[in-house]
Asks: 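Take this structure first; my questions come after.
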Amino acid sequence: MNLKDFYPLLSEKKILLSDTIIKPRIYNAWKKEGILLEDEKKKKDSDIRKWVYLNVFEAVWLLIIVELRKLNLDLDTIKEVKDFLKQVPDIESIIRAFTEEEFQKKIVTNLPKIVLEQYNGILTKEDYLKMLPKTIEQEKSFFTSNIGIVIYGVLIEKSFPSIIIELNDKKNNFNMAIALNSHSRDSLKEELFNFYTEKCAKATFINIPIITIVQKIFENEKFDSHNINYGLYSKQESQLLEAIRENECSEVKVIKHQSGDITMSFSEQDDIKGSIAKELRKLLGLKMYDKVEVTFRNENHLVIKNTQKKIIKKNN
């Protein structure tokens, strides 16, 4: 399974560059340096007045560049990170190297419940390998690349992925890896602990958490219409955000997974446009809730339950 099974429209170019924090002058400079996620083979006149549209992968990558520039990484290193994120991992070779026990332990136990439901709760290594031609071999795209994997980790798997950029002293370059920072199994938590202990003790590295980057897409009100078109908000979630914009809500109670409930009261215009609404958009977009209870000013009530999107089954 990959991100396309849940959100098939993410590769469509719907986001205006002007909706991001990136200025056209900066975008064109990065384009000339070849650090954009998808560079055109034929260079055209880069007139800043020309409308530039991005897909979600390209928008997330621009936000990653911003973080890397804050750390003063040079353009050549950023280009290496870009090349790493465009790579499509050889999933088949990795899976075939696992025993059935290792596959169940390292792969199946970390799959979202809605994925396992498609196989009645039982998924063998052989069944997984049979579906790979549909998801990997026939479709080498952003969805199956490393950037698709980290966005999948944020939106679907809830594994809190990050990109590790490690200095290789011997070759005077960088090694790249993806770390999955949230596991329910104690054995995998131990592996992660040992991984970071080793890195912190012996390596010089940069850790770029992806959730803090993806959440900016939801916090930015300009992205609301795009997030709706991409299917990142459900119909009820979209209706709630519209009601907040129209100042129709007096209170929103967010019942979260483990970290406690949040009650948001909307009274002034600042609440509708400010940090409270931003936090709510993030919680809805990242599906970081179990249930949302809404009280409208006309005393009507609405309850929204978090039912993560079902996989779109493809006909054989």
Asks: Kindly indicate, with the supporting measurements, whether the criterion salt bridge (Lys or Arg N to Asp or Glu O under 4.0 Å) is fulfilled by Lys282 and Glu279.
Replies: CA-CA 5 Å; Lys282 180 185 74 174; Glu279 178 69 11; 3.2 Å; yes
Asks: I'd like to know if the side chain of Asn194 reaches the main chain of Glu190, judged simply by a donor and an acceptor atom lying under 3.5 Å from each other, with no hydrogens or angles considered.
Replies: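 Side chain of Asn194 to backbone of Glu190: a pair is present.
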Asks: Heavy-atom distance under 4.5 Å between the side chains of Ile64 and Ile163, does that happen here?
Replies: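 Sidechains of Ile163 and Ile64: in contact.
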Asks: Indicate the atoms forming the closest heavy-atom contact of Arg69 with Trp30, along with that distance.
Replies: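 In terms of heavy atoms, the two residues are closest at CG-CZ2, 4.3 Å.
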Asks: Can the ring centroids of Phe57 and Phe142 be said to lie less than 6.0 angstrom from one another?
Replies: yes
Asks: Between Asn229 and Ser225, is there a donor-acceptor pair closer than 3.5 Å when you use the side chain of the first and the backbone of the second?
Replies: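 Checking the backbone N and O of Ser225 against the side chain of Asn229, a donor-acceptor pair under 3.5 Å is found.
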Asks: Tell me which one of Val56, Leu54, Asn55, Val81 satisfies side chain to side chain contact (heavy atoms under 4.5 Å, CB included) with Trp61.
Replies: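 Result for side chain to side chain contact (heavy atoms under 4.5 Å, CB included) with Trp61: Val81.
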Asks: Return the CG to CG distance between Leu167 and Asn175, rounded to the nearest 0.5 Å.
Replies: 8.5 Å
Asks: Would you say Asp127's side chain and Leu123's backbone share a donor-acceptor pair under 3.5 angstrom?
Replies: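 Checking the backbone N and O of Leu123 against the side chain of Asp127, no donor-acceptor pair under 3.5 Å is found.
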Asks: Donor-acceptor pair, Lys287 side chain versus Lys158 backbone, under 3.5 Å?
Replies: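 Flag not set: sc Lys287 to bb Lys158 has no pair under 3.5 Å.
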Asks: Do Asp74 and Thr77 have side-chain N/O donor and acceptor atoms under 3.5 Å apart?
Replies: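 Yes, side-chain donor-acceptor contact under 3.5 Å.
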Asks: Measuring from atom OH of Tyr230 to atom NZ of Lys14, what distance do you get when rounded to the nearest 0.5 angstrom?
Replies: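 The distance works out to 6.5 Å.
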Asks: Examine distances only and state if a side-chain atom of Glu12 and a backbone atom of Leu9 form a donor-acceptor pair shorter than 3.5 Å.
Replies: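 Judged by distance alone, no pair lies under 3.5 Å.
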Asks: Does the pair Phe218 and Tyr233 meet the rule for a ring-ring contact (aromatic ring centres under 6.0 Å, His included), with working shown?
Replies: CA-CA 10 Å; Phe218 296 109; Tyr233 287 131; 5.7 Å; yes
Asks: Please confirm whether the backbone N or O of Val88 pairs with a side-chain atom of Ser145, one donor and one acceptor, at under 3.5 Å?
Replies: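 No; judged by distance alone, with no hydrogens or angles, the pair does not exist.
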Asks: For the backbone of Phe84 and the side chain of Asn146, can you confirm whether one donor and one acceptor N or O come within less than 3.5 Å of each other?
Replies: yes
Asks: Taking Lys199 for its side chain and Thr204 for its backbone only, find out whether a donor-acceptor pair lies under 3.5 Å.
Replies: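 Judged by distance alone, no pair lies under 3.5 Å.
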Asks: Do you know which of Val150, Leu63, Val154 makes side chain to side chain contact (heavy atoms under 4.5 Å, CB included) with Val214?
Replies: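 Result: among Val150, Leu63, Val154, Val154 is the only option passing the side chain to side chain contact (heavy atoms under 4.5 Å, CB included) with Val214.
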Asks: Restricting to side chain to side chain contact (heavy atoms under 4.5 Å, CB included), what partner residues turn up for Asn207, sequence neighbours left out?
Replies: Ser162, Ile164, Tyr196, Phe205, Pro209
Asks: Is it the case that over 12 heavy atoms from other parts of the model lie below 6.0 angstrom from the CG atom of Leu71?
Replies: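 Yes, enclosed.
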Asks: Does any non-hydrogen side-chain atom of Glu293 lie less than 4.5 Å from one of His301?
Replies: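 Of all side-chain heavy-atom pairs linking Glu293 with His301, none is under 4.5 Å.
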Asks: For the residue pair Asn247 / Arg297, report whether a side-chain donor-acceptor contact shorter than 3.5 Å exists.
Replies: yes
Asks: Might you point out which heavy atoms bring Cys249 and Val294 nearest each other, and give the distance in Å?
Replies: SG-CG1, 3.8 Å
Asks: Just by distance, do the side chain of Lys291 and the backbone of Val303 share a donor-acceptor pair under 3.5 Å?
Replies: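 Not confirmed, Lys291 side chain does not pair with Val303 backbone.
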Asks: Do other residues, nucleotides or ligands put more than 12 heavy atoms under 6.0 Å from Lys23 NZ?
Replies: no
Asks: Donor-acceptor check, side chain of Asn181 to backbone of Phe160, threshold 3.5 angstrom: yes or no?
Replies: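 Indeed, once roles are kept as given, a pair shorter than 3.5 Å links the two residues.
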